[in-house]
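So the structure is just underneath, and the comments pick up after that.
Given the structure is predicted, the values throughout are model-derived calculations rather than measurements.
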Amino acid sequence: MENLMQQMNREMMDVFTKNGYDSKYARVTLSNRPDLCEFQCNGAMAAAKEYKKAPFLIAEEIAADLADSQIFSSAEAVKPGFLNLKLNESFLADYLSQMIAAEDFGNEKVKNPKTVMLDYGGPNVAKPLHVGHLRSAIIGESIKRMGRYAGHHMIGDVHMGDWGLQMGLIITELKERKPNLSYYDEDYTGEYPEEAPFTISELEEIYPTASKKSKEDEEYKARAMQATYELQQGRRGYRALLSHILNVSVTDLKKTYHDLDVSFDLWKGESDAQPYIPDMVQKMKDDGYAYVSNGALVVDVKEDTDTKEVPPCMILKSDGASLYNTTDLATIVERMENYHPDEIIYIVDKRQELYFTQVFRCARKTHLVEQDTKLTFLGFGTMNGRDGKPFKTREGGVMRLSALLADINQQMYQKIADNKTMSEQEAQQTAKVVALSAVKYGDLSNQASKDYIFDTERFTSFEGNTGPYMLYTIVRIKSILKKYAQTGKDAAGKKILPAASESEKSLMLQAGMFVDMIAAAFDELAPHKVCAYLYDLANAFNHFYHGTKILAEEDADRQAGYIQLLQLCKGIMEACIEVLGFSAPERM
């Protein structure tokens, strides 16, 4: 079905064209003065120059022709040439009734779906997830869900750090502790054990110990670098150890991501790109793009329009070893060969922008991607504590993500348990759902590129622009609908009636803008726009609720219309929180 803005724009375009003006000037937008009108059209201001006519006169012509409009109840020309518009209450009510009957509230799937790969998560194996991994995970998950809601084929890849010196460090430290393991015997030809020679707890202790030693002992570091080299050259025992490291790490990572309600279609790492490196490097040489500079193999990626220096993209170090650049470029080759994406989106720290500029330019220059394949960098800001500095534990260390979630779960449980309306089991379960909304909404309600303060006290509040407030509003609607059903009445098939109050029309207008909002939010990769809409819708509902006797309404048709409006609002709010990555409990 045609969405609300499309219908308003079509009406306005017809009127502009009828009066001899180009339809490009007929764009309708939300009013920036909601105290004066609901929508506006400023096209007369722009058209005045082309048609050499006073903008107010153009606006008056358009307003006169809209006097009999079925869509607008009023169109007023305001000096110097604005058009102030209000929507017809009957038209709006009919539109919302159509939304109820339509699939996904009228949000039609895209006609030409794209295959979009998302690179988000980025954990390092053998290390627990910490709060620095939060933003990539939940922003990427939300964008993936938004794309799927629009009808695109979205593929999420965790892209683990499982290659490089950290693997050599683990192999070296494990050998110090267990030198007799078969993995270190170069003459061993048998099958290696299926069970790893370490637990996740041991693995998480091995890596920082090895890292500390390598900074203090040059000979130890040299052995770790040699182990890394032998691993990358395919040494059988070391590859088997890598497999164990991955299996143990991924099992643990999946648990934490599950608690965050974040999932990935692909659990690939840097090691998966290694087979593609030799041919890729050779082709860059053969095609004349790669050359040796100070012993390293590089590709120039600077452009004439650059205002800042963009260094060459290094492909191989002077000793022939690969780098992150090499792995990321080879990963692009792998993705193009296996998935043929129309777009690859990288959700990473905004401080990596120069690095990805180099990688993207190199990929295009060396023809690793098709000409129309889009490479997108979505950089996010840092998550800071209330002191404005990167979020830390009370002791000043980097907080584990599992510890952060457990802490907020406990805070939510205490708040819910204090109400003494639930059993302990239900309170614990509800606390997890509400806590997740607090974490995700607290992050996603901020524009991704901006730094923000992770304020646990504010995020867990049931009032204000918070996840718990959104869930509380949904639960309140559910309660009203349940009470209505208990009376034996049924609103199914009933229409929403034209608004009888300002608060009702305001709620109807907010609900009517859902399809326009969700499409724009994905186009701009902006989950914060979903949050802003959700907050406005929740406020509009609560304002309507406090001023309207819904269950005490004596007119059965009007009451049924209220119930249908509430069903629509509940469905829209649930769709919004679903794309944001959390859900609502039955009660709170």
Side-chain angles (χ1 to χ4, degrees), residues 118-124 127-146 159 161 256-257 260-262 307-308 324 345-360 376-405 407-408 411 435-461 464-470 520-522 524-536 579-582:
L118 297 110
D119 187 315
Y120 67 108
N124 288 313
K127 292 164 118 178
L129 292 172
H130 56 76
V131 293
H133 293 106
L134 180 69
R135 300 213 72 190
S136 177
I138 64 178
I139 294 170
E141 180 70 17
S142 179
I143 290 170
K144 181 185 73 179
R145 293 182 181 209
M146 289 163 64
H159 196 65
T256 306
Y257 280 126
L260 262 182
D261 199 3
V262 169
T307 55
K308 295 181 180 179
Y324 285 124
I345 303 173
Y346 294 79
I347 298 101
V348 289
D349 191 309
K350 67 181 180 183
R351 289 170 292 189
Q352 294 189 47
E353 186 170 9
L354 175 59
Y355 168 79
F356 277 97
T357 296
Q358 291 175 291
V359 170
F360 290 175
T376 301
F377 171 80
L378 179 60
F380 54 80
T382 54
M383 167 184 161
N384 298 322
R386 294 174 73 173
D387 59 359
K389 297 176 182 178
F391 197 89
K392 302 280 187 182
T393 63
R394 289 185 181 89
E395 295 74 34
V398 178
M399 182 179 280
R400 285 192 176 195
L401 197 45
S402 57
L404 176 69
L405 295 177
D407 183 42
I408 295 180
Q411 288 186 48
L436 187 60
S437 79
V439 172
K440 287 196 166 184
Y441 189 91
D443 186 297
L444 294 171
S445 56
N446 298 278
Q447 189 172 335
S449 62
K450 294 183 178 179
D451 300 345
Y452 79 99
I453 303 295
F454 193 92
D455 187 338
T456 304
E457 187 176 330
R458 183 171 72 82
F459 289 176
T460 57
S461 173
N465 190 12
T466 69
Y469 172 65
M470 304 308 147
F522 177 66
E524 297 173 36
L525 303 180
H528 72 278
K529 295 207 164 195
V530 180
C531 294
Y533 170 83
L534 192 54
Y535 182 52
D536 287 343
V579 299
L580 293 174
F582 55 93

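Here the CD1-NE2 distance, from I139 to H528, works out to 11.0 Å after rounding to the nearest 0.5 Å. Summarising the geometry, atom OH belonging to Y257 is positioned 8.0 Å from atom CG belonging to L401; distances are rounded to the nearest 0.5 Å. Interatomic distance, CG of L134 versus OG1 of T256, reported as 11.5 Å (0.5 Å rounding). From M146, atom CE reaches atom CG of L525 across 7.0 Å, with rounding to the nearest 0.5 Å. Remark: T376 OG1 to D119 CG distance equals 12.0 Å, nearest 0.5 Å.
When every heavy atom of F582 is checked against every heavy atom of S437, the shortest pair comes out as CD1-CB, 3.4 Å. K350 approaches D451 most closely through the heavy-atom pair NZ-OD1, 3.6 Å. Nearest heavy atoms, I453 versus G388: CD1-CA, 3.9 Å. When all heavy atoms of T382 and R351 are compared, the closest pair comes out as CG2-NH2, 3.5 Å. The shortest heavy-atom contact between L444 and I138 is CD2-O, 3.9 Å.
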Would F377 and F360 satisfy ring-ring contact (aromatic ring centres under 6.0 Å, His included), going step by step from the backbone distance to the final call?
-> CA-CA 9 Å; F377 171 80; F360 290 175; 7.2 Å; no

Using the side chain to side chain contact (heavy atoms under 4.5 Å, CB included) rule, take L580 and K440 through it: C-alpha gap first, then chi angles, then the decisive distance, then the call.
-> CA-CA 7 Å; L580 293 174; K440 287 196 166 184; 6.0 Å; no

Please step through ring-ring contact (aromatic ring centres under 6.0 Å, His included) for the pair F459 and Y441, ending with a clear verdict.
-> CA-CA 8 Å; F459 289 176; Y441 189 91; 8.8 Å; no

For the pair D387 and K389, evaluate salt bridge (Lys or Arg N to Asp or Glu O under 4.0 Å) and give the outcome as yes or no after the intermediate values.
-> CA-CA 5 Å; D387 59 359; K389 297 176 182 178; 5.3 Å; no

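For CD of Q352, the number of neighbouring non-hydrogen atoms (other residues, nucleotides, ligands) closer than 6.0 Å is greater than 12. No more than 12 heavy atoms of other residues, nucleotides or ligands lie within 6.0 Å of OH in Y324, so this atom counts as exposed by the packing criterion.
Side-chain contact check for S461 versus P468: every heavy-atom pair is 4.5 Å or farther apart. For the pair L129/L260, no side-chain contact is recorded, criterion being any heavy-atom separation below 4.5 Å from C-beta on. The shortest distance between side-chain heavy atoms of I143 and F522 falls below 4.5 Å. Contact annotation: the side chain of Y535 never approaches that of S445 to less than 4.5 Å [non-hydrogen atoms, C-beta and beyond]. Counting heavy atoms from C-beta outward, F454 and R135 have side chains that stay 4.5 Å or more apart. Side-chain contact check for F380 versus S136: some heavy-atom pair is nearer than 4.5 Å. Residues L404 and M383 form a side-chain contact, since some pair of their non-hydrogen atoms from C-beta on lies under 4.5 Å apart. T466 is not listed as a side-chain neighbour of T460, based on a closest heavy-atom distance of 4.5 Å or more.
Legend: residues meeting ring pair (Phe, Tyr, Trp, His ring centres under 6.0 Å) with Y533, ordered by chain and number and at least two apart, are absent. Residues satisfying the side-chain hydrogen bond (donor to acceptor under 3.5 Å, both in side chains) test with K127, not counting sequence neighbours, are none. Every side-chain hydrogen bond (donor to acceptor under 3.5 Å, both in side chains) that K144 has, sequence neighbours left out, goes to Y120, E141, S263.
Checking side-chain atoms of D443 against main-chain N and O of V439 turns up no donor-acceptor pair under 3.5 Å.
Salt bridge status for R400 with D407: absent, with no side-chain N to carboxylate O gap under 4.0 Å.
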